[in-house]
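Quick one: the structure is below, questions incoming.
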Amino acid sequence: MKSYCIFIFASVLFFIGLTTWVGVNRYQDTVGYHTLIARQTTADVADEIARNIQDKQDQISLFATEHQDALLKLIEKPDDMAQETRIEMMLRRHFPDYFAFTIANTKGEPYIDDFDGKINEVCLEDIKYFSQNYHSLPRIHPNPGAYHYDIMSIIPGKNQEHIFFVSFHAETLAPILKHAQPPRHNLLLVMPGKRPLLEVTPEGPRYVVDRNDYHLEANEMRRLLSQNKVEGSRWTVIDLYSEGFFSSIRNGLIKQSLLMVVPYLIFAVIMYFLFQREEQLRRQAETTKEEFLATISHELRTPLTAIQGSLGLIASGVTGPITSKTSELLDIALKNSQRLILLVNDLLDMRTLETGKMDYSMQKLDLTSVIDAAIDENRDFARQFNCAFNFAPPVYPTFVKGDRNRLIQVMTNLLSNAAKYGNSDEVIDISISPVENGFRVSVYSKGSHIPQRHRHKLFEKFSRINLTNRKGVRGTGLGLSICKTIIENHHGTIGCHDDDGKGTTFYFELPAYPDEEDDAEPAPDVVRQ
């Protein structure tokens, strides 16, 4: 059940992580896409406005050259209103967006009186700036008549030069912004500074915008995607994304992610409860199986023991003489009853191991004495198969920490298997050898060859391998599985290897008794496994 929960939880985390990663990348791609659009747009608009200013500059210079005489006449007679009107009419024919003009000396002082108030203080500041370096940097001039920007040029004279000043309506710049402005973007022409001053919007000069302060606020500048300076002016083109644009995209992506994650979470919850239900059914089945095995094992053990005892008494002649034919049949029945008792005992041991209820009396043991005891207990059994055991005890100490009875049980299984499946009249070799941090116990017999592809099955429950066995002995298929569990509970390992068909060695390894522990015989350490 725990593995199911981990799998479901991990899959949910993975799906949420994947959905989040996809959503974040889509959002970043969207922001990057619009940022790229803003950079390209501001660059194009800044170039177009710069070309517009340069064209105006060239046209004003050409006009001043072509109409030099008329302009000089007005300089000589600045009060000649008729001459001023003629020049103004010519300017309107050449420049549809013309607003006003004046002529000034190189000190920036106008020759013509401004009776209609079109030449304000900002215009005079720009004229003086131009008179100092002959360089014009347009900006928006507020005026009740019209918001405008100025272009200036030099008028060559006989004795000195003069400044020709022409103003143009600022609203003519608005269409450039309007036609280039992408959806959900705001293109603005501003005067840069700590608080940029709004100059022109796609709708027109700043006075058309309904706001109290024409300086851009900090929250507006946080929406800045791109900016580009307009060459030949004091302006900068900026692109601000519409308020709430990216937040609406982010919210949309969150909703889409939730539409994918929520059904998956519902599916995961359903799968969790289904797995939980299946786990409950599995546990019920496991409990039923254990109860069945326990009942069958206990119910079989008593009658089988009685049957084996009765058959043994009959076979020994206690009840009277028996014929040779009857003796053969009794021998078969006795062997099979013994096999059934062995099977029942193995089933009980396996059930105890699986349920974790087997007790281990862990203490300091001499591994050599354990092997000696196992050999003594199985010597008569080996004689039935014309086999003998050969064990040369090592001269060095072989202390381990373990349960004596359980280790004798493991040795009994390995020794009996060697006798049953080995060759007749064979000597089975048992040895102890040191390994890293412990000892290896090996049981070698010249039994049937075990193919490499079958060796991994030897220690599985009820695993049987069809080997050539001339002795006709069959096992329960549980002995080696029980041995494996016991050895692993002693923190050891068990295995086998084949000597190129010449024989088979079964072995197990146990860690040596720690040197730092008390060398005196310790009290048994009962561990329930």
Side-chain angles (χ1 to χ4, degrees), residues 349 353 358-423 425-447 458-459 479-499 503-527 529:
D349 282 345
L353 288 169
M358 179 171 282
D359 293 335
Y360 290 89
S361 180
M362 307 298 284
Q363 55 187 328
K364 184 177 181 180
L365 299 175
D366 184 357
L367 195 55
T368 301
S369 67
V370 171
I371 296 175
D372 285 334
I375 290 174
D376 290 340
E377 291 182 9
N378 291 274
R379 186 171 283 113
D380 291 338
F381 180 83
R383 290 196 186 102
Q384 299 177 24
F385 302 98
N386 298 321
C387 292
F389 298 127
N390 176 42
F391 174 53
V395 295
Y396 47 82
T398 57
F399 292 110
V400 297
K401 187 174 184 178
D403 185 309
R404 181 179 180 85
N405 292 331
R406 296 302 175 189
L407 293 179
I408 290 177
Q409 182 180 352
V410 172
M411 282 301 303
T412 297
N413 190 280
L414 297 182
L415 294 175
S416 62
N417 283 348
K420 288 187 294 185
Y421 297 104
N423 297 327
D425 302 320
E426 179 185 357
V427 175
I428 298 169
D429 293 321
I430 302 100
S431 63
I432 299 179
S433 57
V435 294
E436 185 178 1
N437 300 324
F439 303 101
R440 169 180 284 197
V441 177
S442 303
V443 178
Y444 171 78
S445 66
K446 298 178 181 178
L458 287 171
F459 299 93
L480 289 178
S481 177
I482 294 172
C483 291
K484 180 176 184 291
T485 304
I486 292 174
I487 292 300
E488 288 178 349
N489 288 333
H490 281 72
H491 307 291
T493 58
I494 190 169
C496 77
H497 59 80
D498 191 85
D499 188 15
T504 302
T505 299
F506 281 83
Y507 65 88
F508 63 87
E509 295 178 359
L510 294 175
Y513 192 84
D515 293 335
E516 62 271 14
E517 294 194 19
D518 187 7
D519 289 336
E521 190 71 21
D525 181 14
V526 178
V527 179
Q529 183 63 35

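Each residue takes its place number in the sequence, starting with 1. Keep in mind that what you see is a predicted model, and the values were worked out from it rather than measured.
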Measure the spacing between OG1 of T412 and CG of N417 and express it to the nearest 0.5 Å.
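Rounded to the nearest 0.5 Å, the OG1-CG separation comes to 10.5 Å.
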
Before you tell me yes or no, could you show the steps for M411 and I430 under side chain to side chain contact (heavy atoms under 4.5 Å, CB included), namely the whole-Å CA-CA distance, both residues' side-chain angles and the distance that decides it to 0.1 Å?
CA-CA 10 Å; M411 282 301 303; I430 302 100; 4.3 Å; yes

Look up atom SG in C496 and atom CD1 in I494, then write down how far apart they are to the nearest 0.5 Å.
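So the gap between those two atoms works out to 9.0 Å.
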
Restricting to non-hydrogen atoms, name the atom on A373 and the atom on I408 that form the minimum distance, rounded to 0.1 Å.
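Between these two residues, the closest heavy atoms are CB-CD1, 3.9 Å.
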
Any heavy-atom pair between the side chains of R406 and N489 that's under 4.5 Å?
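Side chain of N489 against side chain of R406, heavy atoms only: no contact under 4.5 Å found.
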
Which pair of non-hydrogen atoms, one from Y396 and one from I432, has the smallest distance, and what is that distance?
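That closest heavy-atom pairing would be OH-O, 3.3 Å.
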
Check whether any side-chain heavy atom of C483 lies under 4.5 Å from a side-chain heavy atom of V410, and answer yes or no.
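C483 vs V410: side chains touch.
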
Drop me the distance from L367's CG to D372's CG, to the nearest 0.5 angstrom.
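It is 10.0 Å, given to the nearest 0.5 Å.
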
Show the nearest heavy-atom pair for residues H491 and P511, with the distance to one decimal.
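Closest heavy-atom pair between H491 and P511: O-CD, 3.6 Å.
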
Please round to the nearest 0.5 Å and tell me the distance separating atom CG of L414 and atom OG1 of T505.
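The distance works out to 11.0 Å.
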
If only atom types and distance count, is the side chain of E509 paired as donor or acceptor with the main-chain N or O of V435 below 3.5 Å?
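No, E509 side chain to V435 backbone: no donor-acceptor pair under 3.5 Å.
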
Beyond-backbone contact of I482 with Q409, side-chain heavy atoms, under 4.5 angstrom
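SC-SC contact between I482 and Q409 confirmed.
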
Under a plain distance cut-off of 3.5 Å, with no hydrogens placed, do T398 and T368 share a side-chain donor-acceptor pair?
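Side-chain D/A pair, T368 to T398: present.
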
Hey, does the side chain of D403 reach the backbone of S361 with a donor-acceptor pair shorter than 3.5 angstrom?
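Checking the backbone N and O of S361 against the side chain of D403, a donor-acceptor pair under 3.5 Å is found.
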
I need the F399 CZ to Q363 CD distance, nearest 0.5 Å.
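So the CZ of F399 and the CD of Q363 are separated by 12.5 Å.
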
For the residue pair A419 and A382, what are the closest heavy atoms and their distance?
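Looking at all heavy atoms of both residues, the closest pair is CB-CA, 4.2 Å.
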
Rounded to the nearest 0.5 Å, how far does NZ of K364 lie from NZ of K401?
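K401 NZ to K364 NZ: 11.5 Å, rounded to 0.5 Å.
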
Grab the two heavy atoms, one from P397 and one from F439, that are nearest each other, plus how far apart they are.
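Answer, listing the atom of P397 first, then F439: O-CZ, 3.4 Å.
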
Heavy-atom check, side chain of K420 versus side chain of F381, under 4.5 Å:
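Heavy-atom side-chain distance check passes, below 4.5 Å.
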
Please report the shortest heavy-atom distance between F506 and L480, naming the atom on each side.
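That would be CE2-CD1, 3.9 Å.
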
Per the side chain to side chain contact (heavy atoms under 4.5 Å, CB included) rule, which among V441, V443, I486, T493 passes with F508?
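Single side chain to side chain contact (heavy atoms under 4.5 Å, CB included) partner of F508 among V441, V443, I486, T493: V441.
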
